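One structure is given below, encoded as structure tokens.
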Amino acid sequence: MGEESGAGQDLRMAAAINEIEGYLLWEAEQRRARGRAEEFCARLPWLTDSQRADVVRHYCREQHEQSRSYLERIAVRSAALRTEYEGAYRALRRRLVAALLGAGALGALALAVPSLSGSAPGVP
């Protein structure tokens, strides 16, 4: 029972780490988008402060939507690949088990039958 709770804790810890990592990656993406927007605005010196703020806000919102859409497509594709690879793994595992059972059966048969050469012992 202790191992089950340990495994459950490991899974929860891994999920928490993944969530934190996702949060940090998303925050970094938002900072990059803001930096790109500010660099763009720096090339437009005639913008007023409020125009500059609007451009940055609109750019960040657009980047946010594009990034979210991109991540959703990646998540869907990742799930599809996972399902595909799990199916391939199960099929491979079944073939391997069948091959091992077949080899074991042949080995047992070889031990049970002293000679498969077609002649009985002592017969010329």
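Model, not experiment: these values are computed from the prediction. Throughout, residue positions are numbered sequentially from 1 according to the sequence presented. Both backbone and side-chain heavy atoms feed into the values below; hydrogens, waters and symmetry mates do not.
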Just distance, no hydrogens or angles: give the donor-acceptor pairs under 3.5 Å from side chains in residues 80-101, sequence neighbours left out.
| residue | atom | partner | partner atom | Å |
| --- | --- | --- | --- | --- |
| Arg82 | NE | Glu86 | OE2 | 3.1 |
| Thr83 | OG1 | Ala79 | O | 3.1 |

Approximate separation, where rounding is to 0.5 Å, of Leu25 CG and Asn18 CG
10.5 Å

Roughly how far, to the nearest 0.5 Å, is CG of Leu106 from CG of Leu111?
11.0 Å

Kindly give the heavy-atom pair with the smallest separation between Tyr59 and Ala33, and that separation in Å.
CE2-O, 3.4 Å

Atom pair CZ/CD1 of Arg12 and Ile17 - distance to nearest 0.5 Å:
13.0 Å

Exceeds 12 heavy-atom contacts within 6.0 angstrom, atom CD of Glu27:
yes

Would you please test Trp26 and His64 for side-chain contact (heavy atoms from CB on, under 4.5 Å) and show each step?
CA-CA 9 Å; Trp26 187 253; His64 175 83; 3.0 Å; yes

Please tabulate, for side-chain N and O atoms in residues 48-57, each donor-acceptor pair with protein atoms closer than 3.5 Å (sequence neighbours left out).
| residue | atom | partner | partner atom | Å |
| --- | --- | --- | --- | --- |
| Thr48 | OG1 | Ser50 | OG | 3.4 |
| Thr48 | OG1 | Gln51 | N | 3.1 |
| Thr48 | OG1 | Gln51 | OE1 | 3.4 |
| Gln51 | OE1 | Thr48 | N | 2.8 |
| Arg52 | NH1 | Cys41 | O | 2.8 |
| Asp54 | OD1 | Arg57 | NH2 | 2.6 |

Is there a path of hydrophobic side-chain contacts, each under 4.5 Å between heavy atoms of I/L/V/M/F/W/Y residues, joining Leu47 to Phe40?
yes

Is any side-chain heavy atom of Gln9 closer than 4.5 Å to a side-chain heavy atom of Met13?
no

Exactly one of Arg34, Arg68, Arg36 clears salt bridge (charged side-chain N to carboxylate O under 4.0 Å, His left out) with Glu29, and that residue is Arg36

Measuring from Ser67:OG to Glu62:CD, what's the distance to the nearest 0.5 Å?
10.0 Å

